[in-house]
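What follows is one structure encoded as C-alpha cells, with my remarks underneath.
In the text below, chain A, chain B and the rest are named by the order of the sequence lines, each starting its count at 1. Keep in mind it's a predicted model, so treat the numbers as computed, not measured.
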Amino acid sequence: MSVETTDATAHTRALLTTADPRRKTTDRTMSVLIWGAFALAMIPLVSLLWTVLVNGVGRLSPEFLSYSMRGIYGGDPSGGIYHAILGTLIITGWATLISVPIGLLTAIYLVEYGRGPLARSVTFFVDVMTGIPSIVAGLFVVAFMTIFLDPGTRLGIMGSIALSVLMIPVVVRSCEEMLKLVPNELREASYALGVPKWLTIVKVVLRTSVAGITTGILLAIARVIGETAPLLVAVGVTESINFNAFDGRMMTLPVFIYRQYSQGLASCQEGDLQCVADISYQNAWGAALVLIVIVMLLNITGRLVNRWFAPKLR
Amino acid sequence: MTTTDSPQRPARPGDHAERAPARRRRRGTTERGFNRVFRWIATGAGAFILATLAAVALFLLIRAWPALTASEDELSDAVGRIPEGTSLLEFVGPLIFGTLLAALLALALAMPVAMGIGLFISHYAPPRLAQVLGYLVDLLAAIPSVVYGLWGFLVLAPVLKPFWFWLGENLGWFPLFAGQVSATGKVLATVSVVLAVMILPIITAVSREVFLQTPKLHEEAALALGATRWEVIRVAVLPFGRSGVMSAAMLGLGRALGETMAVLMIISPGFLVYSLEILAAARHNTIAAFIALDFAEASGLGVNALIATGLALFLITMAVNMTARAIVARRKDFSGAN
C-alpha cells in the first residue's frame, strides 16, 4: 500500500515537473527578472552614494564646515558651507515648529474626533497635498507674501512656510497611523476612571504613541530638509551668514549645491597655484555629502527611536 | 475651566468628569470646558489644512491673472523668452508637453522595475530580509533631488551618452529616437532615467502594500491547483492588486511631473518646440525647471507669467493626484506619505 502511494506520489511529481517545461522556464525567467529588478534599483543607489562619498570627502575640513563663502570668487579654494548649514537648520527648524502642531492636531482630529464630510475631505486632501510639486509651494509663498511685503523680498521664514506646506501632510499621515495603533482599551480604561477626553488624549494616547510620533516627525524633517526648488524661489541666495529668518536672504545646503553647480568651472590663469578650476564642483560634492549625512542621520535616528522607545502594545 | 452644578461642591479643576453620571447621561454627548476647546482646536487644525490648499490655488490664480489677461506685446516685453507675437498659451504649451513627456517616459521606465521590486519584497525575498531590502529601496527617496541632479549631470549623462548614440544609430527610424543625438548626453532621455529612479520608491511602496494584501486563500488555492510561483502571482496577486498598482503609477506620475532640480540641472533647455526627439539637445523643458531657471531674474509681469505656468503645473498634478487618491480611497489603509 505504502509502496503504491510512494509510486503515485512520485508519478504525480513527475507529471507536475515534466509535463510542461515551458511553465517551468517561465517561472525561472520571471524569478530572475524579479531579482534583477531589485538589483537594477540598487545600481543607482550604490553609484550615487559612492560618488558623493568619494568626491565629497576630499573637500571636507574644519575650515569647510566653519566658514562662509563671503568674498570668495573664481577658483579660490577657501571658504565653506557654514552659512548654508546654519540656514538649512534654521529654516527647517522653523518649518518643523509650524508643521508639527498643525499636523499633530489634525491627526488627533482625524483619529479621535473625525466623522462626517469634514473629516473625509481632510483625509482626502491631506493625501492630495502630499503630491503638491515643491516648486508650487515656493511660488505660493511668494504670491501670498506680496500681501504683506514688497514683491522682491526674500526671507528665510518664507522658505519655512513653503516647506511647511510640503511637511504638514507628511506629519499628519504618520501621526495618524501612530495614533490609530493605540489600542481602544487604553482610552476606555481612561474614560472609565473619569478622565476627560482631552486629558485622555494628551496623557494616554499621545504618551503611548510618542515614540512613533517622534519617528514620523524626524522622517518628515528628513524629507523636506533636502528640498531645493521652494527655497530657491522663496529664500534666494546669499554668500554670508544670516541667523535671522525674518530678515534678509539665507543660504541653505541644497541651494548652495545648486549655486556651486551652476557656477561651473572657474577660469584659472596659467601657473596660478591659488586657483582650482573645478572648485565649485568640489564644493557642491562636499555640501552634498554633508546634506546626505544629515538626511541619513535623521532617517536612522527616527527608526532607532521607534525601535527602542515604542511601547510593547501586545 | 469647568462649571459645577451642585452648591455643596465648589469647582475644582479636573473634577468635572466625576460629576453625577445621571446628569451626564441626560446631557448626551455635550462637552464642556476644555473638552470643547480642545475639540475646536483639533477641528480648526483640520480645517486650516483645507484652507491652505484653497489658498494655494487662490493666490496662484490671483497672481497669475495679470499674465493671463495681458496682451501679447506686453508679455513679450516683460519676459525675454517669449518672442513677439506669441501668446502665453503658445509658450506654455510646449512646456506642458515636455513635462508630460518626461514624466510619462519616467513612468514607463520605472513601472516594470517597481512592480518587480514590489513582488520581490512581498513574495520572493526571504521574509527575514524583506524589511531591510524594502528600507534600502526607500533610501532612494531620502536622497535630495539636488544630489540626483548633480549625479545625473556629472556621472549618469556621460555614462548614458554612448548608449543614446547607439539608439540613435540603430533605432533612428523610431520617432522618439530620431533627430541629431546630443553630444553631451544632457537630454530628455537622461532626465527620464533620473526621474524614473526618483519615483521608484513611491511606486514600490504602494504596490508592495497591495501585493501583501492579497488574500492568502487565493494564493494557496492557486498553489493547490499546481501553479508555479509566477503563476500564483499572475492569477492571484496581480489581478487583486490591479487598481492599487494603477494608483501607484498615478502617484509616481505626480511626483515626476513636479520634479524640478533633477530636470533643471541635467537638461539643456529648449523652448517653443513640440518635439518627440528625446535624444536631441535643446528640444524640451519642463514647467518646474523653467520656473526655477528664470525666477531669480524675473520681475513685474515676468513673475506673473511664471506663476501662471506654475498654476498650470499645479492643476495638472492636482488632477493626477486626485484621480490616484480617489482610486486609493476605495481601498484604504495605505498612502504614499508613510
Side-chain angles (χ1 to χ4, degrees), chain A residues 16 23 26-27 30 33-35 37-38 40-41 44-45 48 51-52 102 105-106 108-109 113 118 121-122 124-131 133-136 139-140 143-144 165 168-170 173-174 177 194-198 222 226 228-229 232-233 254 257-258 261 284 288 291-292 295 299, chain B residues 16-18 34-35 38-39 41-43 45-46 48-50 52-53 55-56 59-60 63 113 116-117 119-120 124 137 139-140 142-147 150-151 155 197 200 226 228-230 254 258 260-261 265 288 291-292 295 303 307 310 313-314 317-318 321-322 325 329 335-338:
Chain A
L16 280 174
R23 289 175 54 208
T26 318
D27 188 49
M30 292 319 291
L33 284 180
I34 283 172
W35 278 85
F38 180 76
L40 189 65
L45 182 68
L48 200 148
T51 326
V52 171
I102 297 175
L105 281 167
T106 307
I108 290 174
Y109 166 71
Y113 297 101
L118 179 64
S121 50
V122 170
F124 181 74
F125 282 106
V126 161
D127 280 343
V128 170
M129 257 175 104
T130 55
S134 57
I135 192 152
V136 169
L139 285 181
F140 156 66
F144 178 68
V165 172
I168 287 173
V170 185
R173 286 304 308 197
S174 51
E177 297 301 320
V195 180
K197 185 162 187 172
W198 73 271
T228 320
L232 196 63
V233 167
I257 296 170
Y258 174 65
Y261 147 86
L291 183 59
I292 283 194
V295 172
N299 264 295
Chain B
H16 48 302
E18 296 167 18
F34 200 72
N35 258 352
F38 194 78
R39 169 194 275 272
I41 294 175
T43 315
F48 181 79
I49 289 187
L50 293 186
T52 310
L53 196 62
V56 172
F59 279 98
L60 287 181
R63 291 276 281 152
V113 181
I117 301 171
L119 288 173
F120 175 76
Y124 279 78
V137 178
L139 272 188
L140 280 173
I143 293 166
S145 59
V146 68
V147 181
L150 204 59
W151 175 76
V155 179
V197 176
L200 264 186
T228 59
R229 183 144 62 164
W230 169 245
T260 314
M261 296 319 288
M265 291 167 79
I291 296 171
F295 199 85
V303 176
I307 291 179
L313 176 65
F314 176 70
T317 47
M318 278 299 109
N321 274 301
M322 282 167 81
R325 292 301 174 184
S335 142
N338 44 46

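A143(A) and R63(B) make their closest contact through CB-CG, 3.5 Å (heavy atoms, listed as atom of the first residue, atom of the second, distance). In plain terms, the two heavy atoms of P144(B) and L291(A) that are nearest each other are CG-CD2, 3.5 Å. Shown here for A41(A) and L140(B), the closest heavy-atom pair between the two residues is O-CD1, 3.9 Å. Of all heavy-atom pairs spanning P133(A) and G258(B), the tightest one is CB-CA, 3.6 Å. Here the closest non-hydrogen pair linking T228(A) and S145(B) is OG1-OG, 4.2 Å.
Looking at L50(B), the atoms closer than 4.5 Å to chain A (heavy atoms on both sides) all sit in the side chain, from C-beta outward. Interface residue L48(A): backbone and side-chain heavy atoms are both found under 4.5 Å from chain B. Proximity to chain B (any heavy atom under 4.5 Å) is shown, for V128(A), by both the backbone and the side chain. Both the backbone and the side chain of I102(A) come within contact range of chain B, with heavy atoms under 4.5 Å apart. Residue contact with chain B, scored on non-hydrogen atoms closer than 4.5 Å, involves the backbone and the side chain of L139(A) alike. Contact annotation for V137(B): both backbone and side-chain heavy atoms come within less than 4.5 Å of a heavy atom of chain A.
Chosen from L200(B), L139(B), L150(B), the residue pairing most often with chain A at heavy-atom distances under 4.5 Å is L150(B). Chosen from I143(B), V303(B), T52(B), I307(B), the residue pairing most often with chain A at heavy-atom distances under 4.5 Å is I143(B). The candidate with the highest count of non-hydrogen atom pairs below 4.5 Å against chain A, out of Y124(B), F59(B), F120(B), F295(B), is F120(B). When each of I168(A), V233(A), I108(A) is scored by its heavy-atom pairs under 4.5 Å with chain B, the top score falls to V233(A). In terms of non-hydrogen atom pairs under 4.5 Å with chain A, the most contact-rich of V146(B), T228(B), I41(B), V113(B) is V146(B).
Applying the side chain to side chain contact (heavy atoms under 4.5 Å, CB included) criterion to A292(B), with sequence neighbours excluded, gives I135(A), L232(A), T260(B), L264(B). Partners of L53(B) by side chain to side chain contact (heavy atoms under 4.5 Å, CB included), not counting sequence neighbours, listed by chain and number: F125(A), M129(A), I132(A).
With hydrogens and angles ignored, the 3.5 Å screen pairs a side-chain donor or acceptor of Y261(A) with a backbone N or O of M265(B).
Here NZ of K197(A) is found 6.0 Å from CZ of R39(B). Values are rounded to the nearest 0.5 Å. Here the CG-CG distance, from D127(A) to N321(B), works out to 9.5 Å after rounding to the nearest 0.5 Å.
Using a 4.5 Å cut-off on side-chain heavy atoms (C-beta onward), M322(B) and F124(A) make contact.
The aromatic rings of W198(A) and F38(B) sit tilted, their planes meeting at an angle between 30° and 60°.
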